[in-house]
Amino acid sequence: MNTLGRTVLVLTAAALLAGTASVPTIAQDKVKIGFSQGTMESSWRVNMVERNKKWFDENIADKAELTITNAENNASKQVTDVEGLLASGIEILVISPVTADALTPVVKQAMDAGVKVLTLDRSVNTPVTSHIGADNILIGNTAGKFVCELLGGEGTVGEIQGVAGASATVDRHDAFNATIAKECPGVKVVADGIGDYVREPAMRLAEDWIQRFPEGELDVIYAHNDGMALGAVAALEAAGRLDDVKVVGIDGEEAAYQAIKDGKMAATFTYHFVAPEGMMYAWDIAQGKTLDAKIVLPTAQIDATNVDEFLGTGF
């Protein structure tokens with residue numbers, strides 16, 4: 001099917017979750033905003049869509065049109081989604097790309113056409129109006145330092161990475177590994193794999209590592225998000241290995257906070273899901289406001305020492 005002939009689904013967050021779509025009737029004088037979501041496979045990304053959509057509905061639905069697409073973790077589909085949004089005449093593109101390299105050309109096409117572009121969470125390799133997200137390099141560095149301290153400078157790590165090629169994955173991997181190499185060269189990554197930010201693949205990786213590494217040969221599993229960390233926890237718990245393998249995640253899921261409270265995870269690092277900031281900043285642009293090229297949202301380390309302060313605040 002060619003690009004122009006493909007139907008772009010107009011989805012509400014509820015419709016995305018239900019697997020259905022509806023096309024609203026929009027007045028022609030409304031500001032047209034397109035939101036291209038890379039995937040809805042994790043609760044983190046569901047919350048990104050739902051909370052941005054909620055703010056839109058409550059604040060600017062009478063002034064703007066919002067079209068949401070779900071790329072289903074397929075970069076080629078997301079390119080087609082964005083091309084469809086551009087063909088529909090959007091003025092602002094909000095995008096959380098599947099991977100940087102694959103989405104760079106179509107984002108550049110949007111910018112060259114005069115469309116304002118906000119990237120959320122993950123970036124692309126071309127200038128955009130503004131990138132909004134937490135600092136993945138800072139998070140990777142902080143996670144590396146935490147693991148160094150947790151292991152006393154000596155030990156072994158299994159790393160469960162997110163989507164290969166995604167900017168968040170690259171930063172969380174590179175920064176973590178650079179930090180342990182510098183701060184605690186006695187800590188070695190002895191296994192790694194791709195979990196796509198999804199619980200089940202991470203669980204399978206952890207199950208494989210449990211078989212490959214007897215007790216005492218794997219000390220920490222560092223997962224690029226809490227969903228994958230919780231998958232690793234489930235595998236370790238089933239194998240009776242939670243006492244000898246510590247688990248570290250990223251994001252700030254409520255289930256991860258509870259796992260830390262229960263002694264099943266060592267730590268997580270909050271990563272804001274850019275909601276409702278995505279729609280808030282899109283509307284600022286529509287109003288003619290100038291944004292910083294990069295807007296960094298706060299992060300925090302959550303471990304046994306402070307988890308009580310965060311219980312009930314996760315997504």
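These numbers come from a predicted model, not from an experiment. We use all heavy atoms of the structure for the numbers below, so side chains are in, but hydrogens, waters and symmetry mates are not.
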Within one Ile-Leu-Val-Met-Phe-Trp-Tyr cluster: [X] and [Y], side-chain cutoff 4.5 Å:
X	Y	answer
Phe213	Tyr222	no
Ile302	Leu311	yes
Met228	Val163	yes

* Note, His224 side chain near Ile160 side chain (heavy atom, < 4.5 Å) -> no
* Asked: Are any non-hydrogen side-chain atoms of Asn74 and Val98 less than 4.5 angstrom apart?
  -> no
Before accepting this row, confirm whether a basic side-chain N of the pair [X]/[Y] lies closer than 4.0 Å to the acidic partner's carboxylate O.
X	Y	value
Asp219	Lys246	no
Glu58	Lys54	yes
Asp244	Arg241	yes

From [X] [atom1] over to [Y] [atom2], what is the distance, rounded to the nearest 0.5 angstrom?
X	Y	atom1	atom2	result
Ser96	Leu118	OG	CG	11.5 Å
Ile132	Leu297	CD1	CG	7.5 Å
Thr69	Leu85	OG1	CG	5.0 Å
Leu103	Ile95	CG	CD1	4.0 Å

* Answer yes if the ring centres of Trp44 and Tyr271 are under 6.0 angstrom apart, and no otherwise. => yes
* Just by distance, with hydrogens left out, do Ser36 and Gln78 show a side-chain donor and acceptor under 3.5 Å apart? -> yes
* Asked: Any luck finding a side-chain donor-acceptor pair between Thr313 and Tyr257 under 3.5 Å?
  -> no
List the atom of [X], the atom of [Y], and the distance in Å for their closest heavy-atom pair.
X	Y	result
Gly195	Leu205	N-CD1, 4.4 Å
Tyr197	Ser42	O-CB, 4.0 Å
Ala266	Val248	CB-CG2, 4.3 Å

* Asked: Between Phe273 and Phe315, what is the ring plane arrangement, given parallel below 30°, perpendicular above 60°, and tilted in between?
  -> perpendicular
* Within 6.0 Å of OH in Tyr281, more than 12 heavy atoms from elsewhere -> no
* salt bridge (charged side-chain N to carboxylate O under 4.0 Å, His left out): which pairs involve residues 205-216, sequence neighbours left out? -> Asp208-Arg212
* All side chain to side chain donor-acceptor pair (under 3.5 Å) counterparts of Asp171, not counting sequence neighbours -> none
* Does the pair Asp303 and Thr305 meet the rule for a side chain to side chain donor-acceptor pair (under 3.5 Å), with working shown? -> CA-CA 5 Å; Asp303 55 39; Thr305 66; 2.4 Å; yes
